[in-house]
Each structure stands twice: as C-alpha cells, then as structure tokens.
Amino acid sequence: MKHRRLIVIAALVMAALALAGCAPLPKPSVTAEPAATVSLMPAETLPLVPSASAAPVPDAAAPKYVFLFIGDGMSLAQINAAQYFSGSDKSGDIRPGRFNFTQFPVTAIVDTYNETSAIPDSASSGTAIACGVRTKTGMLGLTADGKSAPSVAELAHAAGKKVGIVSSVTLNNATPAAFYAHTGSRTDYAEIARQMADSGFEYFGGGGIYTRSENDNISKDYKLFEDAGYAIADTRAEIEALGSGSGKVYAVSPTLAKLGALPFAIDAKEGDVTLADFVSAGIRVLDGEDGFFLMCEGGKIDWSCHANDAATTVQEVLAFADAVQVAVDFASAHPDETLIVVTADHETGGMSVGYAATAYATEMGLLKHQKVSYSLFKDIAAGMLKENPEMTLDGMMPVIGQYFGLYPKSDASKAKSKALVLSSREYGLIEEAFAATKGGSAGDEWTDLLYGSYDPLTVTLTRILGNKAGVGWTTYAHTGLPVPVYAMGAGAEHFCGFYHNTELFGRLVQALGLEADSQRAAS
C-alpha cells in the first residue's frame with residue numbers, strides 16, 4: 001500500500017511538472033539573427049527553451065499571418081552540424097552558432113512513419129503535415145484508401161486567406177505538391193502541375209516545373225499558368241518588383257540548376273535569387289487585410305543528404321535559416337498576429353555528428369575546404385574525363401585538392417591542415433572509386449552499397465571529407481528518425497509535445513481557428 005501511494009504521488013508530481021512545462025507562454029522575445037551571423041554563446045548562458053501547451057487557448061486570437069517552414073530531410077544532426085559549422089567545435093572552445101529557429105520558445109518532436117513504412121517518402125510525409133492523414137508511400141493529398149483530404153493551405157484559402165507555396169526545388173515536387181495536389185502518384189508530374197495551376201493560390205515561388213521528358217526535364221512553357229491567370233516573373237527585376245498589386249504570381253528562379261531547382265547554396269553566384277528572396281517576394285504579394293498562409297520548403301537539404309555531402313548540407317541549412325529570418329523580421333513588425341512553425345518531413349542520410357574513426361573528436365571547419373556541391377563536382381570531373389579519357393588519378397588529384405582540400409601524403413605540404421592529408425586507406429578508397437567512375441558503375445549490390453546511385457568518385461570524396469570532420473552516414477535514402485518542431489508567435493503554444501506528424505495539421509488548423517472534418521487518421 002505504501003509503495004502504491006508513493007507511485008501515485010510520483011505520478012502526480014510528474015504530471016504537474018509536465019503541465020508546468022507546457023503552460024501557456026508569455027510572448028517570446030526571440031532576438032534571432034541571420035544564419036550568416038548566428039550568435040555564438042557558451043552553453044551555460046544559452047536561454048532556456050520552455051515548452052508550451054497543445055491545449056486550446058480560447059481567448060487567444062488566431063494569427064493573421066502563418067509561416068510554415070519545412071526543411072526536407074532535416075533532423076537534429078543536420079541542424080547541429082550546421083550550428084557547429086557556423087560556430088566552433090574545437091576542443092576547449094565549443095560554441096555552436098545558434099540559428100534563429102533553434103531559439104524559438106516552443107519545441108516538439110514528431111514521428112514520421114507512414115501507413116506502409118517506418119521510413120517515409122516526401123509525398124506521404126508531406127501529406128501527413130499538410131492534410132493530417134497517414135497515407136502510403138508515393139501518395140499525395142489522399143488517405144491510404146484513396147480519399148481526397150484537403151490541406152491546411154486549401155482550408156486557409158477557402159477561409160479567405162491568401163496562400164503562397166515556396167520551394168528551392170521544383171514546385172510540382174512532392175513536398176510543395178502535398179499542399180495543393182491530390183493524386184495516387186507523386187510522379188504524375190503533368191497532373192500535379194495542372195492541379196497547381198488550378199489551385200488558385202496567389203503565389204508560387206522558387207524552382208521550375210519538372211516534366212520527366214527525355215530531352216528536357218524542365219518545362220520552359222508556363223502557358224498552363226498564364227491561362228489560369230498567373231503572371232510569370234522569371235527575372236530578378238520582375239521578382240523584386242512584385243507587390244500587393246501583382247495578382248496571382250508564379251515567380252521562377254532566373255537560374256535553374258539540375259532538375260529545375262535553385263542552385264545549391266554552396267554553388268550560388270552573386271546575384272542569384274535565394275530562398276529567402278522568394279519568401280520576401282511572397283510576403284509582398286500576399287500581405288493584405290485577411291492575412292496569409294505561406295509554406296516554404298528547403299528542399300535541397302534532402303538532396304545533399306541523399307548524396308552524403310555534409311559540406312553542401314550545412315550550407316543548405318544556413319540558406320534555410322536565412323529564409324526563416326525573413327519571417328522573423330516580418331513577425332517583429334506584427335508580433336501579435338504572426339505564427340512561425342519550423343519542422344521537417346523526415347530525416348535523410350542517417351546523418352550523425354560522430355564517426356568511428358574520429359571517435360569523440362569533430363572538426364566541422366574542415367567542411368569549409370569543399371568549394372562546390374557533389375552535383376557540380378561530378379560535372380567538372382566528367383568534363384575532364386570526357387576531354388581526356390586516359391586521365392589517371394594523379395591527373396585528377398590537383399582538382400580534388402582544389403575543390404575539397406584533400407591531398408595525398410606525397411603532396412602533404414599543400415594541405416591547409418594535417419587532417420586534410422589522405423591516409424593510405426582513404427587514398428585507396430579514392431583509387432577504387434576513380435576506377436569505378438571511369439569504368440561505369442555496374443550496379444551490382446556491393447557497388448550500390450558503396451556509392452548508391454551517385455558518381456563513385458564524387459560521393460567517396462564527400463564522405464571522406466565529412467568523415468574527417470566527424471560526420472557519419474548510414475544510408476543514401478531516408479530514415480525513420482523523428483524530427484523537431486520549433487514555433488514562435490501567436491498560437492505557438494499549440495505545438496508543444498511529442499506526437500505524430502499528422503497532428504501538425506490539426507494544430508495548425510486549431511491555431512488558425514479553422515474547421516476540418518474529424519475523419520483524420522490519427523497516429
């Protein structure tokens with residue numbers, strides 16, 4: 001009896017602590033900074049991050065402006081690596097750079113499993129967030145049994161809010177499409193584009209339209225959107241001129257990289273339109289009396305993680321944080337009317353801050369020696385081999401040193417750090433990969449395990465540099481890891497807790513004061 005009484009008391013204490021941790025918060029005083037100038041604070045002086053209640057707050061006014069940021073493929077390892085990259089992880093000087101969204105006062109963790117797998121794809125996880133239903137891999141905006149489920153963006157639009165969708169990848173890709181499309185296959189690109197044009201959403205911004213045609217996989221013809229009443233803005237001048245009188249707009253990056261996406265941040269040139277620029281343009285187009293809902297995806301975090309490219313990944317997280325900063329700046333002018341939620345759809349790559357060969361040591365600064373993305377280096381190397389098919393690894397090594405900072409022991413004096421000198425084992429891995437690149441990947445099981453679907457030489461170089469920095473990878477695909485949620489502003493208290501990502505839909509709907517059917521697939 002005594003033990004039972006102690007258990008009951010302990011349970012009551014734990015419940016009280018949980019409730020206290022999820023109590024409604026005062027307005028957060030987030031002094032977030034751009035990712036390029038993130039604050040470097042000793043861990044002992046960092047502000048505490050309180051949690052907040054997910055219970056309704058009847059007297060709280062619904063936010064007029066709602067931003068939802070989705071870092072595709074981004075979980076805690078990607079964020080943490082980028083924070084050390086922008087700060088310091090040197091022994092005796094551990095000072096992670098704190099991003100704007102990691103300082104938000106409300107945090108949560110969400111599971112990401114879908115109806116068929118513990119490891120989701122972007123279509124099913126995007127649908128979970130956008131529509132609140134757990135569906136099958138590859139399905140968009142549909143329940144697992146094929147019924148259409150309206151998205152939070154569609155509900156907000158029906159309620160009178162303007163809606164914007166922004167992505168660093170193509171706008172008919174899975175994550176952005178989850179907010180306006182309803183189809184059984186994420187690869188039905190033409191139908192998804194048609195539904196995009198038919199959505200009536202006031203603003204689309206970022207990448208192009210993927211077509212999957214043999215000769216040209218990027219559509220240069222936007223007649224579909226023009227016929228639906230959209231103005232096409234595809235120069236920097238046109239995008240900068242966008243405003244509240246622009247009507248419905250599809251703003252397309254003047255510089256489209258492979259597959260119709262924005263260039264990777266590490267490859268971007270001065271003057272390129274950034275993800276942050278597209279968010280800024282969206283605010284100008286959407287701002288009005290009834291407010292807006294804007295979803296922004298950092299889609300190329302996922303792409304760089306698929307390729308196990310740590311240097312490109314941390315730069316993509318930095319660019320994503322820059323886009324969030326635009327919303328934070330807007331919120332500072334509308335503190336009682338703005339809600340910002342930052343999350344991810346799933347984790348990609350099985351990234352870890354920690355690698356077997358470096359044990360307890362990391363050195364994220366080594367990633368700064370990589371000058372281009374895996375995608376651009378692949379093209380550089382392919383061009384060299386096309387020009388000189390007989391090229392040896394000795395002929396390629398100066399270029400590897402130029403773009404990755406890696407040198408063999410014979411050229412150790414050229415390396416800017418002892419850590420960048422290749423061990424015999426690492427050089428052997430590069431030799432094998434170079435031979436595989438020259439010979440063409442056979443696609444056997446062992447080759448697939450080593451290189452995935454990527455160029456063997458390039459992915460070997462990105463992995464070696466990442467490993468030297470203390471970054472490990474487990475896969476070229478997604479994982480089933482949970483992902484974080486960060487929230488600030490009006491209605492942020494709804495997002496505290498540990499729950500399935502389908503609940504993000506309900507919490508957004510609740511925060512917005514909208515109504516949705518009760519037939520949502522709970523976790």
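This structure is a prediction, so every number in the text was calculated from the model and none was measured.
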Does the side chain of [X] reach to within under 4.5 Å of the side chain of [Y], using non-hydrogen atoms?
X      : Y      : value
Leu142 : Thr127 : no
His182 : Glu154 : yes
Phe495 : Leu508 : yes
Val324 : Phe99  : no
Thr143 : Thr135 : no
Arg507 : Tyr499 : yes
Tyr65  : Lys161 : no
Val471 : Trp473 : yes

Taking the six-membered ring for Trp, are [X] and [Y] closer than 6.0 Å centroid to centroid?
X      : Y      : result
His157 : Phe293 : no
Phe292 : Phe67  : yes
Phe204 : Tyr180 : yes

Got a donor-acceptor contact below 3.5 angstrom from the [X] side chain to the [Y] backbone?
X      : Y      : answer
Glu347 : Ser75  : no
Thr137 : Thr116 : no
Gln510 : Gly513 : no
Ser246 : Leu242 : no
Lys248 : Ala231 : no
Lys64  : Glu289 : yes
Ser86  : Ala82  : yes

Charged N to carboxylate O below 4.0 Å: is that the case for [X] and [Y]?
X      : Y      : answer
Glu115 : Arg134 : yes
Asp272 : Arg236 : no
Glu226 : Lys223 : no
Asp121 : Arg186 : yes

Side-chain atoms of residues 263-270: list all donor-acceptor pairs with protein atoms under 3.5 Å, sequence neighbours left out, distances to 0.1 Å.
unit_1	atom_1	unit_2	atom_2	d
Asp267	OD1	Ser373	N	2.9
Asp267	OD2	Ser373	OG	2.5

Just checking, is any N or O donor in the side chain of [X] or [Y] under 3.5 Å from an acceptor N or O on the other one?
X      : Y      : value
Ser185 : Thr187 : yes
Thr312 : Ser304 : no
Asp309 : Gln370 : yes
Asp302 : Thr348 : yes
Thr274 : Asp277 : yes

Determine, stepwise, if the pair Tyr230 / Tyr203 fulfils side-chain contact (heavy atoms from CB on, under 4.5 Å).
CA-CA 9 Å; Tyr230 285 87; Tyr203 178 73; over 6 Å; no
Which atom names give the shortest non-hydrogen contact between [X] and [Y], and what distance separates them?
X      : Y      : answer
Tyr113 : His500 : O-NE2, 2.7 Å
Thr462 : Asn308 : OG1-O, 3.3 Å
Val326 : Ser280 : CG1-OG, 3.4 Å
Gly208 : Val252 : CA-CG1, 4.2 Å
Ala181 : Ile192 : CB-CG2, 4.2 Å
Ala197 : Ala228 : O-CB, 3.6 Å

Is there a side-chain hydrogen bond (donor to acceptor under 3.5 Å, both in side chains) between Ser117 and Asn114 once you walk through the steps?
CA-CA 6 Å; Ser117 177; Asn114 67 18; 4.9 Å; no
How long is the gap from [atom1] on [X] to [atom2] on [Y], to the nearest 0.5 Å?
X      : Y      : atom1 : atom2 : value
Ser151 : Phe201 : OG    : CZ    : 5.0 Å
Arg194 : Asp188 : CZ    : CG    : 9.5 Å
Thr475 : Ile119 : OG1   : CD1   : 7.0 Å
Ser253 : Ile239 : OG    : CD1   : 6.5 Å
Arg284 : Ser244 : CZ    : OG    : 10.5 Å
Ile209 : Asn172 : CD1   : CG    : 4.5 Å

Could you walk me through whether Asp345 and Val483 satisfy the side-chain contact (heavy atoms from CB on, under 4.5 Å) test, starting with their C-alpha distance in whole Å, then the side-chain angles of each, then the deciding distance to 0.1 Å, before giving a yes or no?
CA-CA 7 Å; Asp345 52 354; Val483 298; over 6 Å; no
Which of these passes ring pair (Phe, Tyr, Trp, His ring centres under 6.0 Å) with Tyr486: Phe101, Phe69, Phe104?
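Only one option passes, and that is Phe101.
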Carefully, step by step, assess Gln78 and Glu316 under the rule side-chain hydrogen bond (donor to acceptor under 3.5 Å, both in side chains).
CA-CA 10 Å; Gln78 286 78 6; Glu316 286 302 303; over 6 Å; no
Working for side-chain contact (heavy atoms from CB on, under 4.5 Å), residues Leu68 and Cys296:
CA-CA 6 Å; Leu68 173 62; Cys296 171; over 6 Å; no
More than 12 heavy atoms from other groups under 6.0 Å of NZ on Lys368:
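Atom NZ in Lys368 is crowded, with more than 12 foreign heavy atoms closer than 6.0 Å.
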Please work out whether the ring planes of His306 and His478 are parallel, tilted or perpendicular, with thresholds of 30° and 60°.
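The rings of His306 and His478 sit tilted, inter-plane angle from 30° to 60°.
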Please evaluate residues Glu297 and Ser168 with respect to the criterion side-chain hydrogen bond (donor to acceptor under 3.5 Å, both in side chains), reporting the C-alpha separation (whole Å), side-chain torsions for both, the decisive distance (0.1 Å), and the verdict.
CA-CA 7 Å; Glu297 179 204 22; Ser168 58; 5.7 Å; no
Would you please test His346 and Asn501 for side-chain hydrogen bond (donor to acceptor under 3.5 Å, both in side chains) and show each step?
CA-CA 10 Å; His346 54 72; Asn501 60 357; over 6 Å; no
Please test Leu286 against Leu294 for side-chain contact (heavy atoms from CB on, under 4.5 Å), starting from the C-alpha separation and ending with a verdict.
CA-CA 9 Å; Leu286 299 173; Leu294 190 150; 3.7 Å; yes
